[in-house]
Amino acid sequence: MTLVKAINNALDIKLNENKDVVIYGEDVGYEGGVFRVTQGLQEKYGAQRVFDSPLAESGIVGTAVGMAVAGMKPVIEMQFSGFAYPGFNHIISHVSRMRNRSRGKYTSSMVIRMPYGGGIKALEHHSESMEAIYGHIPGLKVVMPSTPHDAKGLLISAIESQDPVIYMEPKRIYRAVKQEVSEDKFNVQIGKANVVQQGKDVTVVSYGAMMRDTQKALALAKKAGISVELIDLRTIFPLDVDTIASSIKKTGRIVTVHEAPNSFGVASEINSIALEESFLHLEAPPKRVTGFDTIFPLPQGEHHYMPTPEKIYYEIEKTVKF
Amino acid sequence: MTLVKAINNALDIKLNENKDVVIYGEDVGYEGGVFRVTQGLQEKYGAQRVFDSPLAESGIVGTAVGMAVAGMKPVIEMQFSGFAYPGFNHIISHVSRMRNRSRGKYTSSMVIRMPYGGGIKALEHHSESMEAIYGHIPGLKVVMPSTPHDAKGLLISAIESQDPVIYMEPKRIYRAVKQEVSEDKFNVQIGKANVVQQGKDVTVVSYGAMMRDTQKALALAKKAGISVELIDLRTIFPLDVDTIASSIKKTGRIVTVHEAPNSFGVASEINSIALEESFLHLEAPPKRVTGFDTIFPLPQGEHHYMPTPEKIYYEIEKTVKF
Amino acid sequence: MFKEYDPLKNKLFSVMDKDGNITHEKWMPDITDEKSLQAYKNMMFARKADLMTVSYQRQGRIYTYPPNYGQEAIAGGIAQVLREDDWVVPAYRELGVWLAKGATLKEVFLYFMGYEDGSRFENAKHLLPVSVPIASQLLHATGIGYEIKYNQKDEVVYTFVGDGGTSEGDFHEALNFASVWKVPVVFVIQNNQYAISFNVKNQTSSRNLAVKAVAYGLKSIQVDGNDFFAMTKVAQEAAKLAREKQEPVLVEALTYRKGAHTTSDDPSKYRTKEEEQEWEEKDPMKRMKSYLASKELWDDKQEEELDAQYKKEVERQFEEAENYGEYPLEDVFKYHYDEMPDVLKKQLYAHEKYLKWKEGQ
Amino acid sequence: MFKEYDPLKNKLFSVMDKDGNITHEKWMPDITDEKSLQAYKNMMFARKADLMTVSYQRQGRIYTYPPNYGQEAIAGGIAQVLREDDWVVPAYRELGVWLAKGATLKEVFLYFMGYEDGSRFENAKHLLPVSVPIASQLLHATGIGYEIKYNQKDEVVYTFVGDGGTSEGDFHEALNFASVWKVPVVFVIQNNQYAISFNVKNQTSSRNLAVKAVAYGLKSIQVDGNDFFAMTKVAQEAAKLAREKQEPVLVEALTYRKGAHTTSDDPSKYRTKEEEQEWEEKDPMKRMKSYLASKELWDDKQEEELDAQYKKEVERQFEEAENYGEYPLEDVFKYHYDEMPDVLKKQLYAHEKYLKWKEGQ
Ligand SMILES: Cc1ncc(C[n+]2csc(CCOP(=O)(O)OP(=O)(O)O)c2C)c(N)n1
Ligand SMILES: Cc1ncc(C[n+]2csc(CCOP(=O)(O)OP(=O)(O)O)c2C)c(N)n1
Ligand SMILES: [Mg+2]
Ligand SMILES: [Mg+2]
């Protein structure tokens, strides 16, 4: 299964299981989405359950708040994460707050799917990776899968969760990775990181589409005789502090990789955790390998921006040699 | 001068000096703003230059982009930082990007003023402190003064800057602090932190309204014989890395204080800087004294949320004793 | 009615004049004297509570409060059609509607005293908490409308927004989604002439606010919101369209915010005594009282007695609220997620540890 | 004209029929044959460039491109009134307008090849770069309108949005601010029937899109956007209102996106051959050509020759763009701030260091 197929499969399973689930957004109905993620679902479940909405993101998120309050489970799509911002007010002012505001009487439990990230040679606003912003908003959960298996299991968990979940899809690898994934229903737990590979010299943390580049960097590291412990975060908030901290205790070194801008990004938070939880074990300064603090360039400049396997390896090596 | 007066004075000076400066927003014209920050300015400069706009934040920010492109210098107000979000799309998609998008042909140079922060026993959405979100957006500058003097000098610099500046006003201390401030024009540099007090045991970093509580904590520290170096950031982006790093090199310890949520907040970034720039000098884990990762509570719960001088002191002491 | 009072004609729908005389018998709603009287009493209670809240605020016993003073007839009319299963999606100035929906005054007090608990509304089904970000609640209403239609329920959503709120993009999107989805939502604009200090005349250049429904192909009407009977009639017709035809409707209720925007505002800065006097004459309570008096359903003495009784009731509920007690630290954390994540538990625990240390000092 | 074609009446303004016959002589714009012919040539150039760009894209020589194919007469009409000092605030499907404003095809190519440099528009005064977030540009136009009025300049802003864009809150806010501020902005809706796969019939329930101007008290008109003369007439009248009376105007130009949404879209999935055929008959170029031919201003041979010439010109500019060269690393950083802050300098420097290391490997 590709990642696109895995997401489609998860949606299919939940639509089938739970009549409260509805899917809507721009072009997600008849056409099945600009990336074909929702293909076939309107045909199967009808236009009351899978449908195109008018072109207005505040409208999409805002109406989903109402549906959720009334007991439905909307799974809405922002066509690209860069176009979620007209809906940002509802996300920060209501989606994240309805449960606390009403002292648990109502929830705004929904899933907001959005493809994120660069490397697809796209127009402006189609390449950003702004998960840290959502991670900073109390009341949300933020999930970012890196494999078809995780994409499916995490999405099923997100739809079943009673909490609002921002579900960011690594569109660069929508079709780049294939994996054996069961057609049956299964869950991957939100809030639990995945130790993809055990190692003893350095902990490397990443998530989403950058996991692939990071794994390529690990091949280089292996050649150089460096033993890497690789962690796939899977969830940005709440972060799996324990898994990160115990790995650092083992390796004494940590490198975090993401494509989002450096300042105030996820890697800063990981570094803070490293400090607070495992200060005495640190043998080298935690390292961030990230995008620059710049706007994601248009396609001709893209290669400058994206962290590459070589660059990740370079920083791993420096950290290990520190 | 109070802080409110200092801001008013800065606006007055720039309105007087530069015909391109206009001020608008909700209730800023005739009434002079809900906090009276713009009081008297419409009378003095006329309703073409200081005026009330329809109630729509996307409209306010979006039209300011157009004005700036056409060569004006809009200084717009978001009535509370919690109500800036309907305008968020323009901030992240245009204000921060117009210069880069047009390769310098056009700028979106403007000042977006917004009172932020808690401790005023207010309704929901009136107490937040979300500077980290703006700090993470490439292309913006983010300024947060803590004294009337700085408020005036930084605002003048912001208005004179060719870059878009998010100017967050510590409303809790709008009238709480008085200071001798010259009526003449002067600048305080954006991007330069202020070493308020020299010390050798620990570096304490804060900004905005929390500077006051931090200074109260320092009185407790002094009694306990702890020598604190106190840094007022003044600017959240770009951070003054050098000042922070050289202080840590001196003290070996750092505590960062802010009222914003902990995860993915400014303190995480400071900690990352501490690691990257002064790892070998660190003698204790950098500490964050911040708000919780929760929604700011309604007034009856407010005292639980805000870091107090005692709590700041408690963490300073623990850090020094580490 | 919607045709005759097509907002393109700029005609205000009213039934009763300033002195309580019925001027448009034809539009008199189907309502018994008994119900009219009860409605008046409810409006009296709302006004009493409102005025007393403002004075509690002045005494420092409550935080910011946005008075409903002068706007009572709007809730009064809506209350006539509101069913238990119907939804109410308010902004923040909806005291009358909250009470009509079953919220207790005590809960309202708790909320404005600064307890989230006040938003629980234990006995009010389908009432949403206060929504502060202007106009955003309209989209929630449209979403609830979708659920009603989806599950083929017999419910209507009533949602409220101010005149200022019509300028927000969310107003546009909410009405547009409702028009496309054809959902049973009654959108009520409480046009009280001001958005804080900003007069509605400057908010837009449309001839009135009701006419904005043309942009969505919806029916709408501009009604005298200080005229209980006109409001009731409009509520009845709008509810019928929504309930029976799943047709969203836009109602612009003309009224006046007699009080301040909130208790931290001073309207004398931006409006004239003359204007206030002009609207004083159109006061909804005065008009309704004249009507009832002319029908000998009500007199000053009864009013005085009920007023005294209501005063006690408000005091009673206020005191209950005032004695609500501590806001536990845990409540800051408890309601964010279905299960509290470790990171919140840790922060809570660390804070408790600090509090212990502090006690020890 | 605006009265006679009040959008409340749902009447489409047109001058010329499908076969290029003038059906409404009364509304024929004031334009010489020479200018009409030149306009046709410009539209031909735009179409040629558009079609060739799509095939370049298929060859992998350019990235995503949103075709303007079929919508040429809208720009054609606006171009008749556009002055050097006027502003153009486009979305992303405005090839004809970009060219009319003085952007070179090479710049357009550069942009869609992925160079920000393409947005510099060296010879185009007052032309804004592509704006991707739907409808947001309308507010920029309103803001520029404020500047024009503030500085009492003799300028007009032309801004463009799609049919889908009318659903966004920003559409509402931009028109409302413009109506309150009374600024010289002409808002043009290019109603090409689709927002990607979504038909305009489902975007809203209003009778047409022009009628939405009622909500702001503005004049508006629905015009056949495939009719060059109708578009020109409307552009002239709208420009006059904007320029002379500072009156914002809303123009809904009915057209059809003959191509795909962008080069990564396949419209055969969501629309029928019949529909495409129906619109094929209303093709703006075909109609204009028939008109010119009937006046013996143009024939097939001339068309063929010019087509060949334009082909060469497009190729020339494309090749120039293709040879534009490297995108320097520094350019990623350079244009963010007036002065590059230390944090960016450090990141640039660190990356250069890494690149040196890599070379050494
Ligand atoms: C999005 C947003 N912007 C600004 C505010 C601040 N604010 C609170 S009430 C108000 C005026 C609202 O006026 P109106 O819609 O007429 O309602 P009214 O208060 O008169 O009932 C403003 C600007 C807010 N709450 N939300
Ligand atoms: C705010 C925002 N949401 C979504 C998108 C993705 N998107 C790009 S074009 C488009 C459809 C636009 O349709 P329309 O306004 O009719 O313009 P057209 O493409 O037909 O010219 C969408 C949804 C976007 N660019 N911006
Ligand atoms: Mg109002
Ligand atoms: Mg379209």
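Convention: sequence-line order gives letters A, B, ...; per-chain numbering from 1. Heavy-atom basis, side chains included; hydrogens, waters and symmetry copies ignored.
- For chain A, the nearby parts of C:Asp117 are the backbone and the side chain; heavy atoms of each come within less than 4.5 Å.
- Considering every non-hydrogen atom in both A:Pro54 and C:Val180, the closest pair reads CG-CG2, 4.2 Å.
- Using a 4.5 Å cut-off between heavy atoms, C:Tyr111 makes no contact with chain A at all.
- There is no side-chain donor-acceptor pair under 3.5 Å between C:Tyr337 and A:Arg99.
- The shortest non-hydrogen separation linking A:Pro238 to C:Val343 is CB-CG1, 4.0 Å.
- Looking at A:Ala64, there are no atoms closer than 4.5 Å to chain C (heavy atoms on both sides), in backbone or side chain.
- The local environment of CD in A:Glu17 is crowded, with over 12 non-hydrogen atoms from other residues, nucleotides or ligands closer than 6.0 Å.
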- Task: Decide side-chain contact (heavy atoms from CB on, under 4.5 Å) for C:Ser136 and A:His90; before the verdict, give the C-alpha distance in whole Å, the side-chain angles of both, and the deciding distance to 0.1 Å.
- Result: CA-CA 7 Å; C:Ser136 59; A:His90 281 276; 3.5 Å; yes

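- Side-chain N or O atoms of A:Asp163 include one that pairs as donor or acceptor with a backbone N or O of C:Asp338 at under 3.5 Å.
- Note: A:Asp20 CG to C:Asn151 CG = 7.0 Å, rounded to the nearest 0.5 Å.
- For A:Phe186, the CZ atom sits in a packed shell: over 12 heavy atoms of surrounding residues, nucleotides or ligands are nearer than 6.0 Å.
- Neither the backbone nor the side chain of A:Asp240 comes within contact range of chain C, judged by heavy atoms closer than 4.5 Å.
- Heavy-atom minimum distance, A:Gly59 versus C:Glu173: N-OE1, 2.5 Å.
- Of the residues considered (A:Arg97, A:Gln48, A:Met98), A:Gln48 shows the highest number of contacts with chain C, using heavy-atom pairs under 4.5 Å.
- Heavy-atom distances place both the backbone and the side chain of A:Ile60 under 4.5 Å from chain C.
- Heavy-atom pairs under 4.5 Å with chain A were tallied for C:Lys346, C:His126, C:Glu147, C:Lys334; the largest tally goes to C:Glu147.
- For the atom pair A:Ser53 OG and C:Trp181 CH2, the distance stands at 6.5 Å (nearest 0.5 Å).
- From C:Ile148, atom CD1 reaches atom CE of A:Met67 across 11.5 Å, with rounding to the nearest 0.5 Å.
- Taking the six-membered ring for Trp, C:Phe177 and A:Tyr24 have ring centres at least 6.0 Å apart.
- Chain A forms more heavy-atom pairs under 4.5 Å with one residue of C:Glu339, C:Lys149, C:His172, C:Arg120 than with any other, namely C:Arg120.
- Neither the backbone nor the side chain of C:Leu138 comes within contact range of chain A; no heavy atom of the residue lies under 4.5 Å from a heavy atom of that chain.
- Remark: C:Lys353 NZ is loosely packed, at most 12 non-hydrogen atoms of other residues, nucleotides or ligands lying under 6.0 Å away.
- The contact between A:Val22 and chain C is made entirely by side chain atoms (from C-beta outward), counting heavy-atom distances below 4.5 Å.
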- Query: Checking side-chain contact (heavy atoms from CB on, under 4.5 Å) for the pair C:Tyr146/A:Thr63: CA distance, chi angles, key distance, verdict?
  - Reply: CA-CA 8 Å; C:Tyr146 192 90; A:Thr63 53; over 6 Å; no

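- The minimum heavy-atom distance between C:Ile144 and A:Gly66, with the atom names listed, is CG1-O, 3.3 Å.
- Heavy atoms of A:Ser58 lying under 4.5 Å from chain C belong to its backbone as well as its side chain.
- Of the listed residues A:Lys105, A:Arg101, A:His94, A:Gln162, the one with more heavy-atom pairs under 4.5 angstrom with chain C than any other is A:His94.
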- Evaluate side-chain contact (heavy atoms from CB on, under 4.5 Å) for C:Asp342 paired with A:Val241, printing each intermediate quantity in order. CA-CA 9 Å; C:Asp342 283 348; A:Val241 173; over 6 Å; no

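- Side-chain atoms of C:Tyr150 never come within 3.5 Å of backbone atoms of A:Arg49 as a donor-acceptor pair (strictly under, hydrogens ignored).
- For C:Val130, the part lying near chain A is the backbone, with the side chain staying farther off; criterion is any non-hydrogen pair under 4.5 Å.
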